[in-house]
Undergrad: 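Sharing a structure, written as structure tokens. Questions coming.
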Amino acid sequence: ERLAVEALPNLTHRIEKLGLSEEYLAFKERYLAWRKGEKSGARGEISVDHITRPEHLAANRGFAYWYPTMQEWMWKRTLSYWIAVTFFEGSIFFTISSFMFNQEDALGNYFSP
């Protein structure tokens, strides 16, 4: 595993080229502090406080999380209806064509065993 990590390319020249070297060093310092067990790490990491906020709990998001507007709900309902109809139609065509293959006299010139 160590060899795989050492084989990774050094991208610090790209970070410097983008002008983000100071930000990168600050993030690296905060991340290493967090890894050593200090109380805070780099900003943007998920914490218990972030996860347990009421707006992030699935139970509190409710119906409006999936369908924020009536128009979106109608669109998704219509789309799922037509998906079901086309799947059903395809299964009927598949079934009929499977049975038609066994009817040589009904297929005529199109029959090929």
Undergrad: Just grab all the side-chain hydrogen bond (donor to acceptor under 3.5 Å, both in side chains) pairs involving residues 9-18, residues at least two apart or on different chains.
TA: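 Pairs touching residues 9-18 that pass the test: Asn10-Thr12.
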
Undergrad: So which residues get pulled into Ile15's cluster when ILVMFWY side chains under 4.5 Å apart are joined, directly or through others?
TA: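 Its cluster partners, ordered by chain and number, are Leu18, Leu20, Tyr24, Leu25.
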
Undergrad: What pairs with Glu22 under side chain to side chain contact (heavy atoms under 4.5 Å, CB included), at least two apart in sequence or on another chain?
TA: none

Undergrad: Can you list every side-chain hydrogen bond (donor to acceptor under 3.5 Å, both in side chains) pair that touches residues 74-87, not counting sequence neighbours?
TA: Glu72-Lys76

Undergrad: Shared ILVMFWY cluster between Val85 and Phe94, side chains joined below 4.5 angstrom?
TA: no

Undergrad: Taking only residues two or more places apart in sequence or in another chain, which ones pass side chain to side chain contact (heavy atoms under 4.5 Å, CB included) with Glu29?
TA: none

Undergrad: With side-chain contact (heavy atoms from CB on, under 4.5 Å) as the criterion, how do Ser97 and Phe93 come out once you've worked through the C-alpha distance, each side chain's angles and the decisive distance to 0.1 Å?
TA: CA-CA 6 Å; Ser97 64; Phe93 288 151; 5.8 Å; no

Undergrad: Residues two or more places apart in sequence or in another chain: which of them pass side chain to side chain contact (heavy atoms under 4.5 Å, CB included) with Phe88?
TA: Ser91, Ile92

Undergrad: Output, in order, the C-alpha distance, side-chain angles, deciding distance and verdict of side-chain contact (heavy atoms from CB on, under 4.5 Å) for Tyr31 and Lys28.
TA: CA-CA 5 Å; Tyr31 178 75; Lys28 183 179 173 183; 5.7 Å; no

